[in-house]
Amino acid sequence: MTTFPTSGSHIGATLDLPMSRRRPLKSQALTREQYAKAPRPTLYVGIFAAWLAAAIWFQPRLLQLLDMAYNPASTLALWAFILFINFAWLYGIYNLGVVLFAIYYNRFGKQKSVTPTAVLTEFPPVAILYTTCNDFVEESVVSCVRQDYPNYTVYILDDSSDESFKRQVDEFAARYSGLVQVIRRPDRKGFKAGNLNHGLSVAATQEPYFAIADADEILPTDFLSKLVAVMEADPSCGFAQANHRANPYSTSSLSKSLGVGIDIHWKWYQPLRNDYGFVMFLGHGALLRRKCWEETGGFPDIVSEDLGFAIHVREQGYRGRFVEDVVCYEDFPDNVRAFRIRHMKWTRGTSEFLSKKMGFLLKAKNISWTEKLDILFPTLNLPLTLLYFAFMINANLVLPYFFGHPQQVTFVLGSTEYSLPMITLDPGFQVIYGWDFYLITLLTFFAPVLCFVLELAPKPLKLFRFLSHSTSLYAALSPLSSMGVLAYMISGKAFFLVTGDTKQSEYHEKSRQEGLFTRLRNGWQDFLAKSHPDTRLVQGFEILTALVFGIAALAMFQISFMGLCLAFLLLPMMHHIKWENKAFERHCIPSLHTHHRRRHPERIQRIRHESRVFWVWVSFLSEL
């Protein structure tokens, strides 16, 4: 960590900027043929071999379930159950395979993998494109102007509509007039992709390399000097993607709870892609070759412009390089509302990518099947949430309807006996149960979080807290994700929702100025186009889902599924209050007024603790 003193009056204190780890990169230039060749298929051969073995082992038992069918609808319900289980096993084995290969790669493969670097005697000019839209963060752009590279220009590509953010941008640029230029355009056509293409067409036109920084990103001071050396060493490297960590200086409670997940995920899933998969351009914190941008016709006009650009670059014969030793900081969403907005942007953006680019990807001649699989597995993950949602409907509503039997559950409290009606599934389902079935089911469930378990195992309390918090959020996203996928399937549109725009004024101000009928009509169209998590329609669907599934869970006496339903119900409520639940403290508990806070601090701490314990139990039930 290097501390730079800030000059002038623009910042009142020192700003800590990250420095890349000091392990030197090996210097070795490679030919285009050596570097751009397809990665080794070992990882995916192993994944599909293990999945086929599991499918062959369990299929006879699963197919016996079809003996219970008594009409076409019940047969369809059973087939849906069988196919989803097989598909879930594939994704579980995929995550397990990545973690196992990461362990091998970290111990043996990484030493053989060479990061080509050049000793720079000349310093080609570089453009840093800092993108912002009502989310300007001065600390982030300061990291752009504090590079130790001698030849670069910072272009602030400002799509802001809020005048206060425009003033901040202009004031900052005025302090660095020889280094910073502000580029604006008359509309937001093409969202981030359009903003980048516009900046590269009208302003940053001479630099052979350009870097992209998001509004909340902190670049290390040697970001350019190290990544330019990587790009100069090999002309077939289309882009160099830096590593990322959650910003350790964030004051957000949500970021402190879940930000470690960013660190761990990047550490386990990204480095081995240099040799066993497809190196993805992740939209920010990367250095790109302008020649690639020109040959591919610019960034594609989609929300997931980064992935679209990466596959076009690869088809042109270039490959990306993940540089683990160059570490940027990025902010985790400050609150649940921003988290949900970002998730909806990702869900619909990924759906759009698959709709518009999947055909190109599958037909691409220069992208190997190993790389195609490495793109599709993580990319399909979000849209396939709709499949998981359909499975929940099938398993908890449809199968009990066809194969459920009413039964009385009797329990005794004190000396009083109570009986409750419930539904049990047909004993025919017992044919699939066995120690091996439970084992692979647990493996499938825990495989996505296995890297977190291994990384945080030495700190069991931190591990339990992280898994509890992350599960309560991510497991509860299923209705929101499903709605985003369905809305995109109907409208065919995706909208770039800006996570850092706290006002979301583009959406709200327009709604306030319209009449009731116009609001209803435009609200429906807006829902199909954006599915904005701020809307009552979106939140109402989530609450309705929680209530319907909750009734089913009670009818079948499924206590664990009831925990997931509770998470469905609470997530849209958390949209309106802070992660630490201070709204609950302030408004729901009269004893927490200001004078009580001063006089009874121990009571405040106890209630805060009980609130966190409550969320942990919700998360625990969701995990079950």
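Since the model is a prediction, treat every value here as computed from it, not as a measurement.
Side chains of D162 and N134: no donor on one and acceptor on the other come within 3.5 Å. Side-chain atoms of E217 and H244 include a donor-acceptor pair closer than 3.5 Å. Side-chain contact, S257 with R465: no donor N or O sits under 3.5 Å from an acceptor N or O.
Separation of the F339 and Y474 ring centroids falls under the 6.0 Å cut-off. The aromatic ring centres of F123 and Y149 sit less than 6.0 Å apart. For Y276 and Y44, the distance between ring centers is not under 6.0 angstrom. For an aromatic pair to be called close, the ring centres must be under 6.0 Å apart, and F360 with H312 satisfies this. In this structure, the ring of Y91 has its center less than 6.0 angstrom from the ring center of F377.
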V45 and T42: CA distance, side-chain angles, deciding distance, side chain to side chain contact (heavy atoms under 4.5 Å, CB included) verdict | CA-CA 5 Å; V45 169; T42 317; 5.9 Å; no

side-chain hydrogen bond (donor to acceptor under 3.5 Å, both in side chains) between E295 and Y318, intermediate numbers included | CA-CA 11 Å; E295 290 181 6; Y318 299 91; 3.2 Å; yes

List the steps, then state whether salt bridge (charged side-chain N to carboxylate O under 4.0 Å, His left out) holds for R185 with D159.
-> CA-CA 7 Å; R185 55 189 183 135; D159 263 0; 2.8 Å; yes

Could you go step by step and tell me if N274 and R321 meet the side chain to side chain contact (heavy atoms under 4.5 Å, CB included) rule?
-> CA-CA 6 Å; N274 283 326; R321 183 76 184 179; 3.7 Å; yes

Could you check Y209 against E232 for side-chain hydrogen bond (donor to acceptor under 3.5 Å, both in side chains), going step by step and ending with a plain yes or no?
-> CA-CA 10 Å; Y209 301 113; E232 284 285 285; 2.4 Å; yes

Under the side chain to side chain contact (heavy atoms under 4.5 Å, CB included) rule, what do T385 and V485 come out as? Steps first, then yes or no, please.
-> CA-CA 8 Å; T385 308; V485 176; 5.8 Å; no

For F239 and I212, what are the C-alpha separation, side-chain angles and deciding distance, and is it a side chain to side chain contact (heavy atoms under 4.5 Å, CB included)?
-> CA-CA 11 Å; F239 61 89; I212 298 177; over 6 Å; no

Mind running side-chain hydrogen bond (donor to acceptor under 3.5 Å, both in side chains) on E139 and Y329 for me, showing each step along the way?
-> CA-CA 11 Å; E139 290 82 359; Y329 291 156; over 6 Å; no

side-chain hydrogen bond (donor to acceptor under 3.5 Å, both in side chains) assessment of W268 paired with N106 = CA-CA 9 Å; W268 285 81; N106 287 330; over 6 Å; no

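Annotation: side chain of F309 is not in contact with side chain of D306 (no heavy-atom distance under 4.5 Å). Contact check for Y269 versus C451: side-chain heavy atoms found under the 4.5 Å cut-off. With contacts defined as side-chain heavy-atom distances shorter than 4.5 Å, the pair K166/F136 does not qualify. Inter-residue side-chain proximity for D216 and D135 is flagged as unmet; no heavy-atom pair is nearer than 4.5 Å. Put simply, the side chain of S250 does not reach to within 4.5 Å of the side chain of K256, judged on heavy atoms. The shortest side-chain heavy-atom distance between I341 and H532 falls under the 4.5 Å cut-off. Contact annotation: the side chain of P125 approaches that of P208 to within less than 4.5 Å [non-hydrogen atoms, C-beta and beyond]. Counting heavy atoms from C-beta on, the side chains of I156 and L129 never come closer than 4.5 Å.
By the side chain to side chain donor-acceptor pair (under 3.5 Å) test, S225 is found to be paired with D148, residues two or more places apart in sequence or in another chain being considered. In this structure W89 satisfies the ring-ring contact (aromatic ring centres under 6.0 Å, His included) test together with F58, sequence neighbours excluded. Taking the salt bridge (charged side-chain N to carboxylate O under 4.0 Å, His left out) definition, one finds that K356 meets it with E352, sequence neighbours left out. D214 meets the salt bridge (charged side-chain N to carboxylate O under 4.0 Å, His left out) test with K192; sequence neighbours excluded. With sequence neighbours excluded, the residues satisfying side chain to side chain contact (heavy atoms under 4.5 Å, CB included) with V202 are I183, H198. Scored by the side chain to side chain donor-acceptor pair (under 3.5 Å) test, Q181 finds no partners at all (sequence neighbours excluded). Partners of Q241 according to the side chain to side chain donor-acceptor pair (under 3.5 Å) rule, which considers only residues two or more places apart in sequence or in another chain, do not exist here. Looking at residues two or more places apart in sequence or on another chain, you find a side chain to side chain donor-acceptor pair (under 3.5 Å) between D170 and R184. Take N366 and apply the side chain to side chain contact (heavy atoms under 4.5 Å, CB included) test, not counting sequence neighbours, and it matches E315. Residues that satisfy the salt bridge (charged side-chain N to carboxylate O under 4.0 Å, His left out) test with E455, not counting sequence neighbours, are K267. In this structure P448 satisfies the side chain to side chain contact (heavy atoms under 4.5 Å, CB included) test together with N95, sequence neighbours excluded.
With hydrogens and angles ignored, the 3.5 Å screen pairs a side-chain donor or acceptor of S143 with a backbone N or O of L219. A side-chain donor-acceptor contact under 3.5 Å links R290 to the backbone of A204. Between the side chain of R245 and the main chain of C328, no donor-acceptor pair closer than 3.5 Å is present. N243 places no side-chain N or O within donor-acceptor distance of the main-chain N or O of V326, the cut-off being under 3.5 Å.
K345 forms no cation-pi arrangement with F495, by the criterion of a distance under 6.0 Å to the ring centre and an angle within 45° of the ring axis.
Here the CG-CZ distance, from N195 to R188, works out to 8.5 Å after rounding to the nearest 0.5 Å. Separating the OG atom in S255 from the CD atom in E330 is a distance of 9.5 Å, to the nearest 0.5 Å. Once rounded to the nearest 0.5 Å, the distance linking CG of L497 with CZ of F191 reads 8.5 Å. In this structure, L473 CG and H343 NE2 are separated by 10.5 Å, a value rounded to the nearest 0.5 Å. To the nearest 0.5 angstrom, S355 atom OG is 13.5 Å from K493 atom NZ. Here the straight-line distance linking atom NZ of K357 with atom CD1 of I375 works out to 12.5 Å at 0.5 Å rounding.
Counting all heavy atoms, side chain and backbone alike, P383 lies closest to L354 at CG-CD1, 3.6 Å.
Applying the salt bridge (Lys or Arg N to Asp or Glu O under 4.0 Å) test to pairs two or more places apart or on separate chains, those with a residue in residues 367-377 are R273-D374, R314-E371, R319-E371.
In this structure, E294 places its CD atom where more than 12 heavy-atom neighbours from other residues, nucleotides or ligands lie under 6.0 Å away.
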